[in-house]
Each structure stands twice: as C-alpha cells, then as structure tokens.
2 protein chains.
Amino acid sequence: MTTPKLAIGLDIGGTKIAGAVVDDDGGVLAELVEPTPEESDAAAVCAVLLDLIERFRAEHEVHSIGVGAAGIVEWPAGRMLWAPNNSYRDWPIREQLEKLTGLPVVADNDANVAAYAEARLGHRDSGNDREAPYANMALVTVGTGIGGGLVLDGRIYRGPTGLAAELGHMVLNPDGPECGCGNHGCFEAYASGTALTRMGREAASDDPDGLIARLGAEQGEVTGHTVVTAVQQGDPTGRALFARLGRWLGVGIASLANIFEVQAVVVGGGLVETGELLLEPARVAAREYAFAPTARGVTPVVPATFGGDAGKIGAALLALEHAQP
Amino acid sequence: MTTPKLAIGLDIGGTKIAGAVVDDDGGVLAELVEPTPEESDAAAVCAVLLDLIERFRAEHEVHSIGVGAAGIVEWPAGRMLWAPNNSYRDWPIREQLEKLTGLPVVADNDANVAAYAEARLGHRDSGNDREAPYANMALVTVGTGIGGGLVLDGRIYRGPTGLAAELGHMVLNPDGPECGCGNHGCFEAYASGTALTRMGREAASDDPDGLIARLGAEQGEVTGHTVVTAVQQGDPTGRALFARLGRWLGVGIASLANIFEVQAVVVGGGLVETGELLLEPARVAAREYAFAPTARGVTPVVPATFGGDAGKIGAALLALEHAQP
C-alpha cells in the first residue's frame, strides 16, 4: 500500500483557522473553517487544530500536516515564537502536533507559505497554464498594510527570524508620508489600504462637496472603502486616487524586480480585488521604472491565484515536500 | 597523503587579472597580478589565467580553482556569457580550465564572490574577531556606480541570470535625479561616485567662487575626486555634500536592511576609503529609517574587510567549498 500524496494545510489567523486537504498539484479535496478561540493560547488553538485534523483524517489518508501562521515561526524547528493577534507564545507546535497525531508536521510563517503556493502553482502570465514553478518570485499583499514573501533561487526566503521579507518597509521616498511603523515614505505608506484611506481623507478635505466627502459623511468616516465605492459610482477623483496608489505600487514592484530579477511579482491581498483599477497603473509604473528592460524584459505583474486560500494550500505543499515521516 | 586545503582564487577585471593562493580561513599565501590582455577574448585571457595557475602550482599544492569575473556567469555551469569590459562571450571557462589543469574549478560573478568573502570571513562590528559567518548580509560597493551582492540564508543570491543583486537600481525616490540606467531616483543616482560628481558640479555652478569650482577649474572639470579634495582642504560645502551622499547611502542601506533583516550591511568600493566621512551620516540615516529598531535592533553598517582583494579571496573560498574533485 502506498501512502497517497495528500497533506492537511492549516492556516491560523487572528479571526479564523482554515484547513484543507491538498494534493501535490495544489488541488483542494476538502475544506473546513473554525473561528479562532477567543482565548487564543496554545491549548485552545491546538484543540481546534486537532479537531480539524481528526475530521479530515476520518475521510482522507494524509501524508503530513503543514501549518502557516502570522507572526514569528522558527524554521525548521516549527516553534511559534510570537503572533500579532493570538496570545500563544513560544509554542513548539510542530513537536506537539507530531506527538499528538503521529504524522510529520512542518510550520512556517503564513506569508512564506502563501508565497510558496503562488510560486509553485500560481497561474502564469501567459494564461491559465500551470507551467514550471517560479524560482524567483515576490508576493506583495496589499491590504491594510503591505506584506508579502519572497521565493529566491527556488527557496522561501525566511531571514534570521523567519518573519519573512518585510517588503512593506522598503523606503520609496525618505521625505514621504509617515508610515504606521514610524518611518517616512515606506512602500506601505504609499500603496496600502491605509494609504488609500489617507489619500481619501485628503481628497474629502480638499473638496468637501465631492462624492468622497459625501459618502464619508454618510458612512461616518472616509476609509479606503469609501474611495472604492466612489470609483464604482464613477467618481473621477476616486479614479485619480487609485491611479496614484497603483503608480506607487508599480514603483515598489519595479524596485523589487530590479533588485532580484524576479520572474514575476504576484499581487495579493484585499485591494487586488479591485482588479485592473489597481493593476493597470501598477504595470505602467513597473515598466517605467524597470532596470534595463531591453536586455532583461519587464517583470510581469500578475494577480494572486489562490487569494485567501494561499496560506493553507502553501502549508500543505510545504508539508508534502519537507515533512519527514 | 591528505590534500592541503588551499585554492587558487582568480579575479578577472577589465584592466587586471589578480590571483592568490588562499587557505580555508581566507589567509593569502601568495599573490600575483597581470594586466588584462588588450585583446580580451577567451583565448588571450585563458593564457594569462594558465600562466598564473602554473606559477602558483609550482610553489603550492592546491585543491581547486575559483574564478570571479564581472558580468554574467552561469552558475553552477561556470560559463561566462557576457562581460562589460572584456570581449569574451559564451566562454565555458569552468570546463576549459578543468580540462587544462586537471583541477576542479568553480566560476561566479565577481560581486557574488566578494560578498561571499565578506560574509564568510569579514571582520565583525564588535571588533576584529572573526566570528561566525553572516548568514544574511548585503555588500554595497560604492564606486562610479553602486553594485554589490547578497548572501541570504547562508547562500549567495544569484538570481535567474547569475548577475547577482542589482542593488544600485532599487528606487529611492521616483521623482529623483536621472540615473545612468535611464530611470529616476535609483540608489545609484543618489549615493555613488557619479552622484557625488553631479552634486559637485551643481555646487560649483551655484558658487563659482567656492573651492569646489576653483579646484574644478584647475583640474579641467569637477568630479567626485574634486569634492574629496575640497573636503581634505576643509571646505564646508564639500563636507555638506558628503553628508548628503552618506545620508542617501544610509536610506538605501535601511531599505535593504528592512526588507531582509540582514545581520550587517558591508560597504565596499572606492568611496569607502573616505571612511567615516561617508559612513557616519550613512549610519545615522540607516538608524533613522530602520524598521522596528526597538524589536529588531539596527543593522550594523561596516566597512568591507577585504577591499579589492574580496574577489580573489571569495573565489578561492567558493572553490574550497563547492569544487568537486
């Protein structure tokens, strides 16, 4: 009897814990999701994980388990040192789950495993074909902040702490707007949801009779969502703000592409759901700031394939590749 | 009889070919240098390399040969595809040298092997102790342009072409001055010898009676060297320009450190010979723009240990580690 090549991928977030049974091609055979327990210490979170694992194993024979989680995860030890939204600290999750399940386990940072999923199995720019994995790829997730991960020379770049690449704190202009981190002009300060909120508020203050200001008054405050709504209603100011946001996204993407000569920059996160509104100006700027485009070509800017599923799929793929029975 | 752990390191530049016999601790037992032949095709350069190798082998028993060269070198194949200043193209140097010498050979980009030497054996910030190698380190070489290399997770980052990291074309301000590459606001456009020349010319034009303008008139034109001379003569304008250059260097260093959480940024290249004049403002800015300095500390900015010898030493170290007899 051969072990089928299936793994359980688990993605531990601040509000939910998502799981899937995944095959070696990234195909999802089963999915489950549970809320993150309010008391999010190791014992409570572990109980949820074990419940999910048991339910999956009742239906599928799996080779291994992969866990992705926000925060600092020691690789390859699989110890969760710290999480931004959960209360567990210094939790040897890999060791504990291996003991309790009898299966080999890997654990890594959620952005790392998401980048891994996109590099291994994300759609190619050329269309929907699944071709060779990207050996060199950056994932830029545009949400409240800018996060992401790097796959370099075929490997996840983890850095000294395992926290993955802090792409959002690349400096795009030292005299730029203040970033949440306290610096000025970070990528995140220019091209995130927070930046869109800031730009929307400036626009509302500049034009108190404009659509953004009026929508903001209805909603109680102007946020990035207000700007998206304004654009959906055909507001030219909103479109101009998106063009500016997309342009800065493209400048950051070009900078990453210039440094690493990545084969693609994959854009994920909530804001990529606005599609070409964001990606088109990003592509224009990425081309404008590309280094030696004649010799090297221009790095493609592509939307993420797996969206919110990238974490659990990437965790399972990593388990299939690295977990040692 | 055991083979002594010695390798020959060869650094092929546009004007000279430098060689050394190096031990596993980076110690140099012998050195030779020859001009690069005017007709710098594969045959002519190979003849010089073989002559150096023969002279070294007459005195030392070596384990292997490492070659570093500017341009695009395919790793691990060791094929030199292209060089900026030499005329050889698509030259299978590794294969050819292995056949002609009977020794195992590795060949890599010169910035890659220089970064490797600094990461493996460069002095530590704490003093002159040789401690553990840096697993994560950026080498930034400040000369006419900005070059460098990255060692990430203990490995040289080579990227898809082997050309190494193009650190000089990170974007530090999309509205900044034009770079030699045609873009605007690259790291190189702000913090290189070329940038110093540009700033010196602006200063001379703003103050035609100032020392920089007068020295420039004597020398025929204002260059970065003119600014260095002015500083040596106590010129406050020259000092201010260095402070600005160093500040931009620090911003770029901070950006690299933020992305990668490198353990050190090592600064090499001709301009680092100005010492603290450049490094002090760079350290201040690197601290100012550091991400989460309280949690992560501030990445040390240290001058390169091996200077112009880093290429041949790094090539030899790489051979000792990777060349397969």
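Quick note: numbers below take in every heavy atom, side chains included, and nothing from hydrogens, waters or symmetry partners.
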(request) Using non-hydrogen atoms and a 4.5 Å limit, figure out which bit of B:A290 sits close to chain A: side chain, backbone, both or neither. (result) backbone
(request) Report the option among B:L167, B:L256, B:V251, B:V262 that has the most heavy-atom pairs separated by less than 4.5 Å from atoms of chain A. (result) B:V251
(message) Show the nearest heavy-atom pair for residues A:E288 and B:N183, with the distance to one decimal.
(response) O-OD1, 3.1 Å
(request) Would you check if the side chain of B:Y289 reaches a backbone N or O of A:P174 as a donor-acceptor pair within less than 3.5 Å? (result) yes
(request) Examine whether an atom of B:I253 lies under 4.5 Å from a heavy atom of chain A, and if so say whether it belongs to the side chain, the backbone or both; otherwise answer neither. (result) neither
(message) Does A:R79 have more than 12 heavy atoms from other residues, nucleotides or ligands lying within 6.0 Å of its CZ?
(response) yes
(request) Determine whether more than 12 heavy atoms belonging to other residues, nucleotides or ligands lie under 6.0 Å from atom CZ of A:R198. (result) yes
(request) Against chain A, label B:R247 side chain, backbone, both or neither, depending on which of its atoms sit under 4.5 Å from a heavy atom there. (result) neither
(request) Give, for atom CD1 of B:I259 and atom CE of A:M170, the distance between the pair rounded to the nearest 0.5 Å. (result) 5.5 Å
(message) Tell me if a side-chain donor or acceptor on B:S255 pairs with a main-chain N or O of A:V171 at a distance below 3.5 Å.
(response) yes
(request) Would you give the length of the straight line joining atom CG of A:D153 to atom CG of B:D153, rounded to the nearest 0.5 angstrom? (result) 11.0 Å
(request) Fit a plane to each ring of B:F291 and A:H169, take the angle between them on a 0 to 90° scale, and name the class: parallel (under 30°), tilted (30 to 60°) or perpendicular (over 60°). (result) parallel
(message) Any side-chain to backbone donor/acceptor pair from B:Y157 onto A:L152? Under 3.5 Å, distance only.
(response) no
